[in-house]
Amino acid sequence: MDVSQYLEIFIDETSEHIQSLSDNIMALENEPENHDVINEIFRAAHSLKGMAGTMGFKRMQHLTHDMENVFQEVRSDKIKVNGDMIDVLFQCLDAIEGYLNQIKETSDEGTNENEAIIASLNGILNGGGGGVAAPQQEEKKEEASEDKATADASGHGKKFLEINLSDHDKEAIKGAEESGHNVYGFTVYVQKECLLKAARAFLVFKAVEDFGEIIVYSPSSQDIEDEKFDLDFSFFMTSEEDVDKIQAAAKAVSEIDEVICGPVKYQMFVEEAAQEKQAAEKPAAAAAAPAKTTAAKQETKQPAKGKTANKPVTNRTVRVDIEKLDALMNQVSELIIAKNSLVSISSSDTTGGTQNQSFHEQIEYLERITTTLHESVMKVRMVPIESVVAKFPRMIRDLSRKLDKKMELYMTGEDTELDRTVVDQIGDPLQHLLRNSADHGLESAELRKERGKPEVGSINLNAYQEGNNVIIEVSDDGNGIDTESVKNKAVERGLVTPEQAENLSQKEIIDFLFMPSFSMAKKITDVSGRGVGLDVVKSNIEALGGDVEVKSKLGEGSKFTVRLPLTLAIIQALMVEVRDEKFAIALGSITTIEDVPISDIKYVQADEVINLRGTVIPLIRLNQILDIDPPDEEPASLTVVIVNKGDKMAGLVVDSLMGQQEIVIKSLGKYISNNKLISGATILGDGEVALILDVNTLM
């Protein structure tokens, strides 16, 4: 079977299982006796094993199989969870992630056998008080299945009486019997090498349903679909056909080892229940009862609601390739440009009349539809940042051990949503900031004690939406930035003279940390100190149209605030004119628009400012910044667009306002990559190109 077509789904689902394992192993470290967590880890490892086997990735399958064996022993209380086991499990996760990365790059898992990790897992099995190693248990289980098949073959229907059916299921069999139908019981054994057990079960059901109706599943239909069975499953059906004919149809399905079947009667289950009751009253006999019967009964103690043939509720989500969404977004973008063009034509048409009125109404209708369509597509593209930040608690745990510092990560706002393209690229910058907090920010336990701080350092990652931006804050209660040391380093590197250094503000000093290869690390480690860090953070975030700023207090801690646009595709903007040039300013950055008389302009250190309702706001003359000729004569008052970046404000002086418009952002690529003032361009309704101003860089 060609499985390459399923590679993308495999990669996505494996990533989800790895994250689930990481979260649950972290939880298990804190609650070693939590059986819900243990079962969740077992299920994730089991799913990974099945998926890897289906795709033919044998090494990955082998490793996850051994993980599953360990948790089988933990589930049955034969092995206790301890710190060493947790470390080995995290090594397993890293190895699985290594396989996954190799698969992403080459569609192949590579040749790494990870013998050392597998040996550690087997060491846990053999030396952890677990008795018999799980692989031997599996062999015994397979032998037991074969013995059971032989026993059932010699006595039709015997296997079905071992199933602990609910009263609801028994009533279904009784009802079918009273209606005059034949009721047959089937137990199907799949081959032990079978990779897609659930798929084989589905094909068996499809084959036999040509002859009648399935009335009872054991285990439930949902459990069979989820592969929650070993090498056999059973079902009961009504049919007017000969049982041998149905058996032949079931056996014709590939990878089916044996099909045991026979007629059953409601009375048989009543008798079996009576025998069980008698056996329970004889303790000696009960103690000697075969383990397999007990296991079978435990396995079937499930809510009865899943035992009928009702279809399970289907998943309400669909995986969509991001390229398909990009193509859809491009079509929406073109539609908006076409709509803007029609709006432009309608506004220039002055003929009036009923026909013109009707045209305007249709334009308004088109405008509503395109806006709604755009919002719908944007919602489809939005994903929670949880997919990025979920891996950070594990990273902080590892750093805590590596750096020998006690630290805890607290996260809020993981459900905050961002455009998929932004989310995909924000992971690395955030990782740098967190590692920076762990290595440079937090002090040693001794120093924290001296300063009267808690022994365990706190790192916080908070995300929230603010207008058209998403804010992500990374803060710590550590040492803070020693600006004096940074200033001395800058002088030493020749970036400023000692005289210039004396007049630098705290912000200007901190900005040195964002320069390439500027590292304050005392020694180079694999955590930090190679000069690759904050400069990468800054450039990556600016490439996404965002910015990063820092606040720090020596001895108390630092806070890095990352501001990102919600989307990189279509925005609401204010169109302005500076001389004859048209520019767009993102509406989310605008606080208000003011008409300011020339007489109200004041000066602070030769810079123009205005006092707006008690707040001093600097003015930015766009014609000077953009190198456009000044107006022939100074007007009596200025049109000022007040913009904000966080808690800072500035006033952009423009010649005139053209109004609000929905614009499509087109990248300018490398044409003017050296000019950060322009974040892109847009095509206006009349076909003219307008540049989009980056308010963050302007400020």
Side-chain angles (χ1 to χ4, degrees), residues 18-34 36-38 40-41 81-91 93-94 384-416 426-464 471-481 521 525-529 533-534 537 550-562:
I18 289 172
Q19 189 55 59
S20 169
L21 281 168
S22 180
D23 293 345
N24 283 298
I25 293 170
M26 289 275 290
L28 190 64
E29 189 170 31
N30 298 323
E31 302 175 70
E33 301 291 326
N34 189 324
D36 288 339
V37 173
I38 290 165
E40 198 59 47
I41 293 171
V81 175
N82 57 34
D84 291 340
M85 183 193 290
I86 296 289
D87 288 341
V88 172
L89 291 173
F90 276 129
Q91 288 172 24
L93 274 196
D94 292 339
I385 64 164
E386 182 182 18
S387 57
V388 171
V389 303
K391 63 185 178 185
F392 293 146
R394 156 82 197 282
M395 184 185 85
I396 293 298
R397 174 210 179 260
D398 291 349
L399 285 174
S400 174
R401 295 165 80 89
K402 190 176 286 185
L403 299 168
D404 196 24
K405 294 179 184 177
K406 290 184 179 176
M407 59 184 80
E408 198 68 53
L409 174 64
Y410 301 94
M411 300 198 300
T412 61
E414 299 100 312
D415 54 350
T416 306
I426 195 59
D428 280 349
L430 291 182
Q431 185 172 314
H432 276 305
L433 291 179
L434 288 169
R435 291 170 82 92
N436 186 67
S437 284
D439 195 12
H440 294 302
L442 297 180
E443 316 95 325
S444 64
E446 298 77 30
L447 187 52
R448 290 183 69 84
K449 199 173 179 182
E450 280 176 32
R451 291 178 171 175
K453 292 183 178 182
E455 191 182 1
V456 180
S458 296
I459 300 175
N460 296 283
L461 190 150
N462 307 317
Y464 55 92
I471 313 298
I472 304 174
E473 296 172 342
V474 176
S475 59
D476 61 72
D477 65 347
N479 190 58
I481 296 170
T525 67
D526 58 351
V527 178
S528 63
L534 294 183
V537 170
V550 190
K551 286 182 180 172
S552 180
K553 196 164 185 183
L554 191 61
E556 292 183 19
S558 307
K559 182 195 280 187
F560 289 78
T561 303
V562 175

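Values below: all heavy atoms of this structure, side chains included; hydrogens, waters and symmetry mates excluded.
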Close side-chain approach of Leu447 and Glu450, heavy atoms under 4.5 Å: yes
Any side-chain heavy-atom pair from Arg451 and Asn479 closer than 4.5 angstrom? yes
Residues that Lys553 engages under salt bridge (Lys or Arg N to Asp or Glu O under 4.0 Å), provided they are two or more places apart: Glu556
When rounded to the nearest 0.5 angstrom, what distance separates CG in Leu21 from CG in Leu89? 9.0 Å
Just to verify, what does Glu446 make a side-chain hydrogen bond (donor to acceptor under 3.5 Å, both in side chains) with, not counting sequence neighbours? Ser444
Does the side chain of Asn82 come within less than 4.5 Å of Met85's, by heavy atoms? yes
Counting only heavy atoms not in Asn30 (residues, nucleotides, ligands), do more than 12 fall under 6.0 Å from its CG? yes
Would you say that Asp94 contacts Arg394 through its side chain, given a criterion of any heavy-atom pair below 4.5 Å between the two side chains? yes
From Lys551 atom NZ to Ser475 atom OG, the distance as rounded to the nearest 0.5 Å: 12.0 Å
Return the set of residues passing side-chain hydrogen bond (donor to acceptor under 3.5 Å, both in side chains) with Ser458 (not counting sequence neighbours), or none when no residue passes. none
Nearest-0.5 Å distance, CD of residue Gln19 to CG of residue Asn24: 10.0 Å
How many angstroms lie between atom CG of Leu409 and atom CE of Met26, to the nearest 0.5 angstrom? 8.0 Å
Contacts of type salt bridge (Lys or Arg N to Asp or Glu O under 4.0 Å), residue Lys453, not counting sequence neighbours: Glu443
Taking every non-hydrogen atom, the tightest pair across Phe90 and Ile25: CZ-CG2, 3.6 Å
With sequence neighbours left out, the residues meeting side chain to side chain contact (heavy atoms under 4.5 Å, CB included) with Pro384 are Glu386, Glu417
Considering residues at least two apart in sequence or located in another chain, which fulfil the salt bridge (Lys or Arg N to Asp or Glu O under 4.0 Å) criterion with Glu33? Lys80
Contact summary for Val537 and Pro429, nearest pair of heavy atoms: CG2-O, 3.6 Å
Any side-chain heavy-atom pair of Leu534 and His440 under 4.5 Å: no
Residue set satisfying side chain to side chain contact (heavy atoms under 4.5 Å, CB included) with Val388, at least two apart, ordered chain then number -> Phe392, Val423, Ile426
So, does Lys405 use its side chain to make a donor-acceptor pair with the main chain of Leu442 at under 3.5 Å? yes
Out of the candidates Glu414, Glu473, Met411, only one should pair with Asn462 under the side chain to side chain contact (heavy atoms under 4.5 Å, CB included) rule; please name it. Glu473
In chain order, what residues pass the side-chain hydrogen bond (donor to acceptor under 3.5 Å, both in side chains) check against Ser22, with sequence neighbours excluded? none
4.5 Å side-chain heavy-atom contact, Arg435 and Leu399: yes
Could you tell me if the side chain of Ile41 sits less than 4.5 Å from the side chain of Val37, heavy atoms only? yes
Holding to side-chain hydrogen bond (donor to acceptor under 3.5 Å, both in side chains), I want the full list of residues that pass it with Arg401, two or more places apart in sequence or in another chain. Asp87
Those residues that, when tested against Asp477, pass salt bridge (Lys or Arg N to Asp or Glu O under 4.0 Å) (two or more places apart): Arg448
Using the test side chain to side chain contact (heavy atoms under 4.5 Å, CB included), find all partners of Lys406 that sit at least two apart in sequence or belong to another chain. Glu455, Val456
First locate atom OH of Tyr410, then atom CD1 of Ile459, and finally report the distance between them rounded to the nearest 0.5 Å. 10.5 Å
Quick one: list whatever passes side chain to side chain contact (heavy atoms under 4.5 Å, CB included) with Ser558, sequence neighbours left out. Asp476, Ile481, Ser552, Phe560
Determine whether Val562 and Leu433 make a side-chain contact, defined as any pair of heavy atoms from C-beta on separated by less than 4.5 Å. yes
Please round to the nearest 0.5 Å and tell me the distance separating atom CG of Leu434 and atom CG of Asn460. 10.0 Å
